[in-house]
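Everything below concerns the one structure shown next.
Basis for what follows: all heavy atoms, side chains included, without hydrogens, waters or symmetry-related copies. Because the structure is predicted, anything quoted here is derived from the model rather than measured.
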Amino acid sequence: MLFRCLVLFLSFSLALAQEGDAALHYDVIVVGSEPEGVAAAVAAAESGAATLLITEDAIIGGLFVLGAMNSLDLRTKPFNLQQGLFERWWQAVGRGHSFDVVRAEAVFVQMLRDAGVLVRTGAPALTPIMEGNAVTGVSVGDGSTTASGIITAPHIIDATSEMDFATAAGAPYSFGFSALGHPERMADTLVFRINGINWGALKAGIEARGKGYASVDDFVAWGHFGGHPAAYQALEEGIRLRGLNLGRQEDGSALVNALLIYGIDPFDPESVADGKARAEREAPRIIEYLKQDLPGFENARFGGVAQQLYIRETRHLQAQCTLTADDVLDNRVSPYDVAAGGYPLDVQTLTPNDSGYVFGAPEIYGVQLCVNVPAGLENLWVVGKAAGYDAIAASSARVVPFGMALAEAVGVAAAQGVRIGQSPSQLIKDLNTVQTVRQTLLARGAYLPEFVSREPVGPHTHPSYGDYRLMLSRGLAVGGYNNDPDLDKPMVAISYVYLLSNVGQRFHATKELKQSLTERFPRNDAPLSSEAALNITHEAACALGVCLYNSWDALKSVGLVPRDFYPSDTLTRGEMYTLAAGIARLETVSSRP
């Protein structure tokens with residue numbers, strides 16, 4: 001069952017050139033219709049570029065419309081960091097924490113029309129036209145119909161949800177957390193609709209139970225709801241329910257972002273269809289379960305599902321530069337940034353056995369245009385969640401408001417590049433051009449972060465802070481929303497065994513360390529004493545090829561342990577990270593003469 005969306009096929013006539021005829025030519029082509037693509041296209045057109053947005057989708061809006069993901073991940077304190085075009089769109093849809101999907105589509109369409117963007121929806125297969133390593137245009141269809149043809153432009157922006165167009169052009173990428181030595185990616189979601197909720201009763205019930213239960217206003221409700229949703233036991237395989245995000249629609253229904261799906265191959269249409277079908281079968285059962293405890297749900301009933309899944313994570317572009325977790329947590333800002341972020345490093349669940357990870361929460365960070373330019377390709381930009389962010393940084397930068405702010409900058413830059421005859425790779429290296437883009441963005445109402453020195457988040461003066469951050473860079477330590485990794489907490493031995501087992505896989509690409517340690521040190525909850533820490537560290541080093549005398553002095557002599565390291569009777573988490581960092585760096589240590 002599908003939502004009834006406002007389907008607005010834009011009726012602009014686009015007679016594509018046939019092979020042998022002169023190709024249609026634009027200044028900027030945007031491929032895809034995700035919200036970030038709309039922002040890029042509008043910004044390019046408003047900056048004077050003849051702009052085409054072309055998409056295989058039947059309607060405009062991508063995740064926000066086809067995926068019906070109507071809960072906004074925002075950083076609004078001390079103020080909204082994503083202004084400019086996002087703020088313009090947000091105002092038009094009500095400026096709440098959720099929005100009406102039909103209205104969202106209509107606003108996207110109106111913005112494109114007002115900017116003079118030529119739009120074609122429902123296009124046949126879109127593939128890149130290549131001349132060497134340069135993307136020179138878009139091939140539409142296979143030539144078998146009048147809808148087929150060729151379109152060219154000096155600047156092409158991939159705004160597909162998974163950077164499919166750039167991938168077809170040969171853009172390099174990593175997948176999920178694989179670049180961090182972890183073969184997982186964030187779970188997917190199917191948004192479903194609930195009719196019949198008494199929102200007044202829901203709001204009153206939540207307010208009566210307090211903020212520890214959930215939060216609510218006239219348009220959105222979110223929270224753990226006393227743990228009732230997360231306790232749900234699904235009948236379908238690979239389905240799980242988390243805390244709820246309920247976004248109220250103008251027709252009185254509510255959209256639910258909470259249903260997690262595991263085991264999908266996002267590039268296999270049959271696997272995607274199977275995952276969606278499993279989730280759709282489960283959704284009515286979930287509603288019946290929620291009726292047992294949630295206020296205002298007495299007459300709740302199933303109202304359908306989104307047209308597409310919310311695929312949270314697939315490809316991460318290998319770009320001319322990369323936004324890293326260190327950039328985010330160090331609150332790094334440069335005089336060449338074109339957008340500002342501040343959303344927490346919030347990784348949704350990776351497997352059915354974890355509850356997700358909050359690695360930290362920045363004050364503010366900046367991002368440069370080079371994250372949008374693929375390494376080794378010319379004339380191409382990539383916008384959206386697949387841009388050049390490492391897997392942990394992407395858990396902040398993937399949110400659409402940030403993506404729209406950065407995409408607006410890309411649209412402005414593309415128009416400027418056309419005007420002065422610079423390709424994307426040339427433009428990002430011309431600091432004068434980047435400053436022109438920044439000034440244009442400011443004139444458009446965008447917010448750019450102030451270039452001042454800021455301290456890193458968390459206990460950055462702690463002696464183990466650097467080692468904690470090294471572990472975090474591979475997903476092996478978290479700071480939470482309050483950036484407190486609790487570095488002085490006493491640890492148990494098995495925690496160190498598990499940490500080093502993961503260090504083996506994520507830093508040294510081996511599972512043998514895990515096998516060696518778990519066999520040598522079976523599970524127990526004894527404190528991590530100095531003797532236990534020494535034995536475990538010695539065993540790990542030897543398993544990785546550096547066998548030494550089993551003493552602290554021997555480990556210190558080769559740099560595995562700092563010379564000023566004197567372990568506590570029971571080691572703290574910070575001391576554990578320091579020892580683990582030595583094992584993580586072992587390859588460099590063992591290669592010394």
Side-chain angles (χ1 to χ4, degrees), residues 10 12-14 17 22-55 60 82-89 92 107-120 134-138 151-159 165 336-339 368-370 372-373 378-384 403-448:
L10 303 190
F12 300 107
S13 174
L14 184 59
L24 288 177
H25 184 80
Y26 295 87
D27 294 330
V28 176
I29 299 172
V30 177
V31 180
S33 61
E34 292 295 317
E36 297 91 338
V38 174
V42 170
E46 289 181 343
S47 299
T51 304
L52 168 70
L53 185 150
I54 185 166
T55 177
I60 299 294
Q82 283 83 56
Q83 299 179 19
L85 275 177
F86 171 74
E87 177 72 33
R88 194 191 309 176
W89 174 85
V107 173
F108 282 137
V109 169
Q110 190 62 51
M111 290 173 68
L112 290 164
R113 180 179 289 127
D114 291 346
V117 177
L118 188 64
V119 177
R120 182 179 177 190
V135 183
T136 60
V138 180
I151 318 168
T152 62
H155 282 253
I156 299 173
I157 302 171
D158 181 349
F165 185 82
Y336 309 109
D337 295 331
V338 294
Q368 300 182 32
L369 285 166
C370 48
N372 301 106
V373 181
E378 294 292 337
N379 304 346
L380 185 63
W381 303 86
V382 174
V383 298
M404 287 181 68
L406 183 53
E408 180 178 2
V410 169
V412 169
Q416 178 67 8
V418 171
R419 189 176 300 114
I420 63 177
Q422 287 185 338
S423 69
S425 61
Q426 292 171 330
L427 186 153
I428 61 174
K429 297 171 185 175
D430 186 331
L431 301 185
N432 290 327
T433 304
V434 172
Q435 290 302 329
T436 298
V437 171
R438 283 169 50 86
Q439 292 304 313
T440 303
L441 288 168
L442 290 170
R444 292 174 56 84
Y447 173 76
L448 301 182

Search all heavy atoms of [X] against all heavy atoms of [Y] and return the closest pair with its distance.
| X | Y | result |
| --- | --- | --- |
| His25 | Ala153 | CE1-CA, 3.9 Å |
| Phe108 | Pro35 | CZ-CB, 3.7 Å |
| Ala45 | Val117 | CB-CG2, 3.6 Å |
| Val418 | Asp27 | CG2-O, 3.5 Å |
| Val373 | Pro424 | CG2-CB, 4.0 Å |
| Ala415 | Ala44 | CB-O, 3.8 Å |

Steps toward side chain to side chain contact (heavy atoms under 4.5 Å, CB included) verdict (Val38, Leu112): CA-CA 7 Å; Val38 174; Leu112 290 164; 4.0 Å; yes
Side-chain contact test, heavy atoms from C-beta onward, threshold under 4.5 Å: evaluate it for [X] versus [Y] and give yes or no.
| X | Y | result |
| --- | --- | --- |
| Val383 | Leu406 | no |
| Val135 | Phe165 | yes |
| Leu427 | Trp381 | yes |
| Ile60 | Leu53 | yes |
| Gln416 | Thr440 | no |

Let me confirm one number: the [atom1]-[atom2] distance from [X] to [Y], rounded to the nearest 0.5 Å.
| X | Y | atom1 | atom2 | answer |
| --- | --- | --- | --- | --- |
| Glu408 | Glu87 | CD | CD | 11.5 Å |
| Leu380 | Thr136 | CG | OG1 | 11.0 Å |
| His155 | Thr51 | NE2 | OG1 | 11.5 Å |
| Asn379 | Ile29 | CG | CD1 | 11.0 Å |
| Ile428 | Gln426 | CD1 | CD | 10.0 Å |
| Arg120 | Leu52 | CZ | CG | 9.0 Å |

Could you check Val109, Val107, Asp114 and say which one makes a side chain to side chain contact (heavy atoms under 4.5 Å, CB included) with Met111?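 Option passing the side chain to side chain contact (heavy atoms under 4.5 Å, CB included) with Met111: Val107.
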Residue pair Gln422 / Thr433, side-chain donor-acceptor N/O under 3.5 Å: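 Looking only at side-chain atoms, Thr433 and Gln422 do form a donor-acceptor pair, the distance falling under 3.5 Å.
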